[in-house]
Amino acid sequence: MMMKDAQIAATDGEHDMTITFTTAGDPAPLRAHVREMGAKHDRMAHGGGMNGGGMNGGGMGEHMKMVPSHAAVDDVDHGARIVLTPDDPAQLGALREHVHSHVEMMKSGTCPMMMEDHEQGAHHEM
């Protein structure tokens, strides 16, 4: 789950998407969590899936289908950011749509992945 005082923002880049997570508190736990999210994104976006089943299983629906992409994580002031780059540049629009939708769900607390991970006692991932 996202840390309760964390702020999240998505930004469109020329060839990628950036999701920035910041906190007014100690950024170390948030940075560790964002690094975990980036690693899990790479596994999921390339067939690793959650619990071996992929994001499309478990009632997630087709709208949650991952766009094959790579995540790079960097620390920023008071947090960290994930830069997502699609494997196929022609899929940038689909990646943007997915990320903006996912970020809005995370902000509202209605993200299906957040609920599934919470039930399993894991952290929410992108």
Legend entry - Spacing of NE2 belonging to H102 relative to CG belonging to L95, to within rounding of 0.5 Å: 12.0 Å

Inset, instruction - Enter the distance from R81:CZ to D74:CG here, rounded to the nearest 0.5 Å. - result: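 With rounding to 0.5 Å, CZ (R81) is 4.5 Å from CG (D74).
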
Which residues share a side-chain contact (heavy atoms from CB on, under 4.5 Å) with [X], sequence neighbours left out:
X	value
E97	none
H70	D42, H46, D87
A32	R35

Legend entry - Flag side-chain contact, heavy atom, 4.5 Å: I82 against M37: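 Yes - at least one pair of side-chain heavy atoms lies under 4.5 Å apart.
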
Legend entry - Heavy-atom side-chain contact between Q91 and S69 under 4.5 Å: no

Inset, instruction - Give a yes or no answer on whether the side chain of R31 reaches the backbone of V76 with a donor-acceptor pair at less than 3.5 Å. - result: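 Yes: the side chain of R31 pairs with the backbone of V76.
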
Inset, instruction - For K40 and M44, run side-chain contact (heavy atoms from CB on, under 4.5 Å): C-alpha distance rounded to whole Å, both residues' side-chain angles, the deciding distance at 0.1 Å, then the answer. - result: CA-CA 6 Å; K40 188 168 184 183; M44 292 173 62; 3.7 Å; yes

Legend entry - Cluster check I19, V83: I/L/V/M/F/W/Y, side chain < 4.5 angstrom: no

Legend entry - Co-membership, hydrophobic cluster, residues L30 and M106, 4.5 Å side-chain: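 Linked, L30 and M106 end up in one cluster.
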
Legend entry - Distance-minimising heavy-atom pair for A71 and G38: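 Closest approach of A71 to G38: CB-O, 3.6 Å.
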
Legend entry - Minimal non-hydrogen separation, D5 against A24, with atom names: OD2-N, 4.1 Å

Got a list of side-chain donor-acceptor pairs under 3.5 Å for residues 8-17, not counting sequence neighbours?
{"from": "D12", "atom 1": "OD1", "to": "H100", "atom 2": "NE2", "distance (Å)": "2.6"}

